[in-house]
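Letters go in sequence order (proteins before strands), and every chain restarts at 1. Basis for what follows: all heavy atoms, side chains included, without hydrogens, waters or symmetry-related copies. Values in this document were obtained by computation on a predicted structure and should not be read as measured data.
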Amino acid sequence: MISAASAAAAPAADPNGVLALANMPVLWICALGVFLVIAVQSVIYMMAARKAAPAAGLSQQELKTTFRTGAIAAIGPSLAVVLVAVALLALFGTPATLVRIGLIGSVQYETAAASIAAGTVGAELGGPSYDQQAFAIMFFAMSLGGAMWMLATLILTPLLKKGEHRMAKVNPALMTVVPAAALLGAFLSLGFAEVPKSSVHLITLAASALVMGVCLLLARLPGMRWLREWGLGIAILLGLAAAYLAQSAGLAPAA
Amino acid sequence: MTAPSPTASATSATSTTSASPGSMAEFDATTSRWGRLTMLAGLVFSLAGPLYLVFFADLGVTATALFTAFAAVAGTFFVIWIIEPITYFPILGPASMYQAFMIGNISNKLLPSALIAQARIGAKPGTHRGGLAAVMAICGAAFVHLLSLLVFVGILGTWLISVIPESVTDVVRVYVLPAVLGAVIIQAIVSLKQVRATAVAAVVAALVQFVLVPLVPALGMAATAISVIVTLVIGWYVRKREPFEPAVSASGTAEPGDSASA
């Protein structure tokens with residue numbers, strides 16, 4: 001098999017032929033495979049949830065409500081991920097961006113992994129040394145890294161489940177106190193981690209929190225209940241607007 | 001076994017006692033079987049692309065280079081590989097674990113969706129109602145996410161690059177996390193209504209992020225896991241103890257109390 005890009009004339013925007021390689025049909029097929037697997041999994045889970053709903057005290061209407069609420073709440077974060085992914089298309093090509101940034105991993109992890117991996121072959125992402133070989137090595141390393149996450153999940157989940165059952169028997173109150181405490185601990189810690197990064201990070205965090213607080217207050221008014229689902233999207237948008245303004249005002253070095 | 005009530009034991013032990021069609025035990029069995037299989041399939045597809053490039057694209061990639069690159073990534077992240085599943089397990093529950101770690105973007109998309117959906121129907125995390133609500137919410141989030149990725153990145157991506165100003169994508173890339181987290185923190189505090197756990201989490205997270213991490217930067221990657229574990233332990237000791245805790249306890253696993261709102 002000949003390198004895909006050496007056959008095609010590399011366009012000016014793609015001097016090392018990285019994008020020609022990164023957008024090969026085989027990679028598209030693999031990426032769409034991941035999409036398909038997630039879609040199939042969702043369908044299986046939804047069918048299982050529908051069947052189990054009565055046993056869990058959940059009405060069919062509530063099943064629909066939770067699906068719709070989850071979908072609407074995801075619009076804001078999804079569009080944010082889309083914007084980041086678009087920005088990275090020029091580096092990774094479409095299939096790798098879809099799978100690594102859009103699915104499986106997350107923006108922070110994957111870009112860090114990519115630049116670490118590229119660094120080991122002396123290449124800098126997007127620099128003149130970033131060639132087809134560097135791309136293949138980087139793509140391999142970040143994909144195998146992502147696979148480790150799934151492997152850990154596959155191995156640890158059954159173990160944790162056993163532990164959970166055992167704890168639930170010792171003291172079932174654990175099962176109501178633990179998830180709430182874990183959720184609060186995780187989000188507050190992740191949020192506070194943003195604060196020392198720059199004053200614009202702090203402003204963004206505070207603006208988003210403020211907008212969400214206002215949305216949740218307004219959502220108590222009759223006719224405003226839709227804000228419970230749309231609040232997150234609105235808060236993200238206005239939070240980013242605040243970041244844009246704060247940065248333009250010179251509060252942080254340009255991104 | 002010292003199961004406190006028949007209802008509580010029904011969930012954990014039971015394919016024989018309550019495996020009528022539609023039981024939670026059956027849901028558990030289906031989601032863990034198919035969750036694992038689909039996750040394995042996702043793992044294979046995600047590795048197939050890079051493996052094809054390495055073996056068939058004739059790029060002269062050496063095994064040493066691959067190993068070095070992976071070792072560098074592993075050195076940075078192997079702690080997170082193990083810590084993240086453990087950190088999110090109490091929040092997601094076993095069924096959603098197989099969804100979340102394949103769909104990705106857990107803290108900035110899936111957890112908020114699940115939390116908002118649970119709040120919407122008044123279900124508590126950790127109950128069966130909460131678990132099913134999270135599963136459905138993650139399915140809904142996955143649907144929106146797959147669709148928006150396919151349309152806006154897969155199909156329109158190259159066109160969008162040319163029309164969106166770089167200053168905008170830069171701001172989104174750098175500040176997307178605080179923009180999501182600020183809102184989610186408020187949502188979590190409001191919908192969980194756990195005053196004590198909130199206070200504990202705030203103090204613990206602040207101490208970890210503003211005192212511990214600056215003192216011991218190496219702990220940076222494990223900071224959230226440390227916050228979660230310490231919050232869990234302290235939160236457990238200062239929890240509001242109901243005088244009728246056994247009844248509340250039973251609702252934790254089999255939720256007769258929870259179904260009252262259904």
(message) Need one label for B:Y98: side chain, backbone, both or neither, based on atoms under 4.5 Å from any heavy atom in chain A.
(response) both
(message) Closer than 3.5 angstrom, by distance alone: can the side chain of A:T69 be matched with the main-chain N or O of B:A117 as a donor-acceptor pair?
(response) no
(request) Give the member of A:A186, A:C215, A:A71, A:G233 that has the highest number of heavy-atom pairs under 4.5 Å with chain B. (result) A:A71
(message) Can you confirm whether more than 12 heavy atoms, excluding those of B:R36, are under 6.0 Å from its CZ atom?
(response) yes
(request) Report the option among B:A142, B:G42, B:S32 that has the most heavy-atom pairs separated by less than 4.5 Å from atoms of chain A. (result) B:G42
(message) Tell me the closest heavy-atom pair linking B:P50 and A:F139, and the distance in Å.
(response) CD-CE2, 3.6 Å
(message) Within this structure, what is the CG-CD1 distance for the pair B:L181 and A:I236, rounded to the nearest 0.5 Å?
(response) 9.5 Å
(message) So, taking the atom named CZ in A:F67 and the one named CZ in B:F143, what distance separates them when rounded to the nearest 0.5 Å?
(response) 6.0 Å
(message) Using heavy-atom distances under 4.5 Å, tell me whether A:L216 contacts chain B through its side chain, its backbone, both, or neither.
(response) side chain
(message) Ignoring hydrogens, what is the shortest heavy-atom contact between A:L98 and B:L149? Give both atom names and the distance.
(response) CD2-O, 3.7 Å
(request) Just give me the residue among B:L160, B:L47, B:V135 that pairs up with chain A most often, heavy atom to heavy atom, under 4.5 Å. (result) B:L47
(request) Tell me, for A:R68 versus chain B, whether the close heavy atoms (under 4.5 Å) come from the side chain, the backbone, both or neither. (result) side chain
(message) Looking at chain B, which one of A:G76, A:A96, A:P158 has the largest number of heavy-atom pairs inside 4.5 Å, strictly under?
(response) A:P158
(message) With a 4.0 Å cut-off on N to O distance, would you call B:R129 and A:E62 a salt bridge?
(response) yes
(message) Please give me the minimum heavy-atom distance between A:V37 and B:A41, naming the atom from each residue.
(response) CG2-CB, 3.9 Å
(request) Any chance you could lay out the ring-ring contact (aromatic ring centres under 6.0 Å, His included) test for B:F210 and A:F192, step after step, and finish with the verdict? (result) CA-CA 8 Å; B:F210 303 144; A:F192 288 170; 5.5 Å; yes
(message) Looking only at heavy atoms and a cut-off of under 4.5 Å, which of A:T94, A:T157, A:L79, A:I137 has the most pairs with chain B?
(response) A:T157
(message) Measuring from atom OH of A:Y45 to atom CE of B:M136, what distance do you get when rounded to the nearest 0.5 angstrom?
(response) 13.5 Å
(request) Answer with side chain, backbone, both or neither: which region of B:T30 has an atom nearer than 4.5 Å to a non-hydrogen atom of chain A? (result) side chain
(request) Would you mind checking which part of B:V200 comes under 4.5 Å of any heavy atom in chain A, side chain (CB onward), backbone (N, CA, C, O), both or neither? (result) neither
(request) Measure distances from B:I234 to the heavy atoms of chain A and classify the residue's part below 4.5 Å as side chain, backbone, both or neither. (result) neither
(message) Looking at every non-hydrogen atom in both residues, tell me the closest pair between B:G35 and A:Q41 and how far apart they are.
(response) O-NE2, 3.9 Å
(request) Using a 4.5 Å cut-off on heavy atoms from C-beta on, say whether the side chain of B:Y175 contacts that of A:S198. (result) yes
(request) Quick one: which of A:G239, A:A31, A:P77, A:S248 has the most heavy-atom pairs under 4.5 Å with chain B, could you say? (result) A:P77
(request) Give, as side chain, backbone, both or neither, the part of A:I75 having an atom under 4.5 angstrom from any heavy atom of chain B. (result) both
(message) Shorter than 4.5 Å, heavy atoms on both sides: which option in B:V184, B:I186, B:V204 has the most such pairs with chain A?
(response) B:I186
(request) For A:Q247 and B:S167, run side chain to side chain contact (heavy atoms under 4.5 Å, CB included): C-alpha distance rounded to whole Å, both residues' side-chain angles, the deciding distance at 0.1 Å, then the answer. (result) CA-CA 10 Å; A:Q247 198 181 50; B:S167 57; over 6 Å; no
(request) Examine the side chains of B:Q99 and A:S42 and answer whether a donor and an acceptor come within less than 3.5 Å of each other. (result) no
(message) Minimum heavy-atom separation for A:L232 and B:P112, please, with both atom names.
(response) CD2-CB, 3.7 Å
(message) Please identify, among B:V61, B:I116, B:L146, B:I138, the residue contributing the most non-hydrogen atom pairs under 4.5 Å to chain A.
(response) B:L146
(request) Go through the atoms of A:T153 and report whether side chain, backbone, both or neither lie under 4.5 Å from a heavy atom of chain B. (result) both
(request) Would you confirm whether B:T231, through its side chain, and A:G185, through its main-chain N or O, come within 3.5 Å as a donor-acceptor pair? (result) no
(message) Is the ring pair B:W81/A:W149 parallel, tilted or perpendicular, if the boundaries are 30 and 60 degrees?
(response) perpendicular
(request) Mind running side chain to side chain contact (heavy atoms under 4.5 Å, CB included) on B:L53 and A:F135 for me, showing each step along the way? (result) CA-CA 9 Å; B:L53 287 189; A:F135 172 80; 3.6 Å; yes
(request) With side chain to side chain contact (heavy atoms under 4.5 Å, CB included) as the test, would you mind laying out the steps for B:F45 and A:L32 before giving the verdict? (result) CA-CA 9 Å; B:F45 272 115; A:L32 293 177; over 6 Å; no
(request) Say whether, by atom type as modelled, one donor and one acceptor occur between the side chain of B:Y52 and the main chain of A:L27 under 3.5 angstrom. (result) no
(request) Answer with side chain, backbone, both or neither: which region of B:I86 has an atom nearer than 4.5 Å to a non-hydrogen atom of chain A? (result) both
(request) Can you measure from CG (A:L154) to CG (B:L43) and round to the nearest 0.5 angstrom? (result) 7.0 Å
(message) With chain B as the partner, which of A:L144, A:L156, A:L63, A:I44 has the greatest number of non-hydrogen pairs under 4.5 Å?
(response) A:L144
(message) Give me the atom names and distance for the closest heavy-atom approach of B:A202 to A:L188.
(response) N-CD1, 3.6 Å
(request) Evaluate whether atom CZ of B:F70 has more than 12 neighbouring non-hydrogen atoms of other residues, nucleotides or ligands under 6.0 angstrom away. (result) yes
(request) With a 4.5 Å cut-off on heavy-atom pairs, point out which of B:L40, B:L150, B:T158 contacts chain A the most. (result) B:L150
(message) For the interface with chain A, which of B:G93, B:A119, B:C139, B:G49 has the highest count of heavy-atom pairs at distances below 4.5 Å?
(response) B:C139
(request) Side chain from CB out, backbone as N, CA, C, O: work out which of these in A:V211 comes under 4.5 Å of a heavy atom of chain B, or both, or neither. (result) neither
(request) Ignoring hydrogens and angles, tell me if any N or O in the side chain of A:Q133 forms a donor-acceptor pair with the backbone of B:L59 under 3.5 Å. (result) yes
(message) Return the OG to CD1 distance between A:S208 and B:I185, rounded to the nearest 0.5 Å.
(response) 8.5 Å
(message) I'd like to know whether B:F27 forms a side chain to side chain contact (heavy atoms under 4.5 Å, CB included) with A:K51, so could you lay out the CA-CA distance, the side-chain angles of the two residues, the decisive distance to 0.1 Å, and finally the verdict.
(response) CA-CA 8 Å; B:F27 178 80; A:K51 242 179 132 182; over 6 Å; no
(message) For chain B, which candidate among A:S143, A:A39, A:A235 shows the most heavy-atom pairs at distances under 4.5 Å?
(response) A:S143
(request) Could you grab the distance from atom CD1 of B:I82 to atom CE of A:M148, nearest 0.5 Å is fine? (result) 10.5 Å
